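Everything on this sheet refers to the single structure shown next.
Each ligand, and each atom within it, is numbered from 1 in the order the structure gives. Given the structure is predicted, the values throughout are model-derived calculations rather than measurements. Nothing fancy with the numbering, it's 1 onward along the sequence. Note that these values count all heavy atoms, side chains included, but never hydrogens, waters or copies made by symmetry.
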Amino acid sequence: MIESSGRNPAEEAGESQHEAFGRDVTLTEFIIGEQRKVPHATGGFTALVNDIRLACKRIGNAVGKGPLDGIAGKTGTINVQGEQQARMDVVANDLFIRTTEWGGSLAAMVSEELDDVYVVPDRYPRGRYLLAFDPLDGSSNIDVNVSVGSIFSVLADPEPDAPPGPASFLQAGRRQVGAGYAIYGPTTMLVLSFGRGVHGFTLDREIGEFILTHPDLRIPTATSEFAINSSNARFWEPAVERYVDECLAGHSGPRGKDFNMRWVASLVAEAHRILLRGGVFLYPRDERAHGRNGKLRWLYEANPIAFLVEQAGGRASTGDGPILDLEPTSIHQRTGLVFGSTEEVERIERYHRDHNVRPFEAPLFNARGLFRDAG
Ligand code: F6P
């Protein structure tokens with residue numbers, strides 16, 4: 001049974017959390033309030049969120065020390081994604097596993113930093129949930145002191161009596177029980193959804209607790225801010241090219257208004273900005289050999305962010321339609337991702353339909369064609 005629930009008692013009574021408690025609301029109070037709404041809840045999901053919170057505090061603490069703790073820089077090893085691992089990636093991965101595996105809520109985990117499914121060792125009780133996570137997203141930003149984060153997705157174990165494996169995780173994102181991220185920026189925040197709204201909590205370092213500071217985040221339906229890595233422009237599909245060209249044309253172009261652009265190269269920072277003030281993010285598939293399925297990882301980047309975005313009233317898409325409706329086929333699969341203000345995402349989907357021939361699938365782009373992979 002899924003224990004995530006909806007609105008807490010204060011919200012049901014039409015009061016703000018603050019009025020109901022007469023003071024700041026802590027994350028502990030919030031998640032226990034959520035649990036009390038679910039008849040027969042065992043506390044397993046609450047315990048898991050509690051451990052995820054601690055993992056994020058530990059990672060935030062390590063990240064906050066920067067070069068002072070001697071774990072800055074690269075390990076010299078390459079992860080399953082073919083990317084250079086930062087030392088902090090490895091530390092964060094370890095902290096995530098060690099802080100969550102023991103509690104009895106989890107059966108298995110998938111991480112960006114591990115090739116295979118991590119099955120919770122027999123010495124701990126087996127739980128009913130699966131955790132997919134990116135322990136340190138945007139880690140190329142670490143050395144230059146720009147915001148990074150941790151992203152997580154919680155699924156119910158579909159076959160609690162069978163050994164968990166990759167197939168257990170290959171569920172449509174809409175089946176997520178909960179999802180969220182921690183952002184390690186000027187402040188450390190946790191932003192979560194258990195399926196009824198998105199709520200943001202800021203770490204009060206003096207008392208060591210996350211405080212509800214951003215209840216019920218909503219993404220405005222319209223925006224004039226977009227985010228894309230335009231150094232990839234020459235590899236884009238026509239739909240993306242058209243969308244960005246029209247934004248850049250500004251006031252005198254077909255959109256009739258000026259747009260602003262941002263690119264942090266940290267998905268968490270990008271998602272956080274969009275949840276707080278709107279906007280649209282694109283990391284589309286493109287014609288490069290390694291770009292044809294997109295860049296972002298489906299299970300532990302795209303799905304949890306898409307879940308939060310939809311819960312906040314926005315839209316998240318592969319470019320062709322809602323990503324949460326689709327089932328991934330492997331645990332480290334990549335996908336194109338477009339998310340944010342609904343009107344813009346729908347427009348981008350329309351452009352994909354209008355230009356639905358993917359040029360790099362045409363014969364000239366095949367291995368022996370005129371246009372070889374740009375690599
Ligand atoms: O997937 C890792 C990641 O760092 C994301 O956080 C970010 O959105 C993206 O890659 C940045 O990619 P690029 O370096 O191609 O701009």
What about the rings of His272 and Tyr181, do their centers lie closer together than 6.0 Å?
-> yes
Any sub-3.5 Å donor-acceptor pair from Asn303's side-chain atoms to Ala172's backbone N or O?
-> no
Asp354 atom CG: more than 12 heavy-atom contacts under 6.0 Å = yes
Applying a 4.0 Å heavy-atom criterion (strictly less than), which segment of Leu296 is in contact with ligand 1: side chain, backbone, both, or neither?
-> side chain
Do Thr187 and Arg205 meet the criterion of a side-chain donor-acceptor pair at a distance under 3.5 Å?
-> no
Distance-only polar pair, side chains of Glu246 and Tyr351, donor-acceptor under 3.5 Å | yes
Are any of the N/O atoms in Asn229 less than 3.5 Å from those in ligand 1?
-> yes
Enumerate the atoms of ligand 1 whose separation from the nearest heavy atom of Leu267 is less than 4.0 angstrom.
-> 5 (C), 6 (O), 7 (C), 8 (O)
Close N or O approach (Trp263, ligand 1; < 3.5 Å) | yes
Would a 4.5 Å heavy-atom cut-off, applied to side chains only, mark Arg53 and Phe210 as touching?
-> yes
Does the N or O separation between Glu301 and ligand 1 drop below 3.5 Å for any pair?
-> yes
List the closest protein heavy-atom neighbour of atom 9 (C) of ligand 1: residue, atom name, distance to the nearest 0.1 Å.
-> Lys295 NZ, 4.0 Å
Identify the closest protein heavy atom to atom 15 (O) of ligand 1: which residue and atom is it, and at what distance?
-> Tyr283 OH, 2.6 Å
Per-atom contacts of ligand 1 with Arg297, taking only distances under 4.0 Å to non-hydrogen atoms | 1 (O), 2 (C)
Just need the protein heavy atom nearest to atom 3 (C) of ligand 1, so name the residue and atom and give the distance.
-> Asp137 OD1, 4.1 Å
Ser111 versus Asn93, side-chain donor and acceptor atoms under 3.5 Å = yes
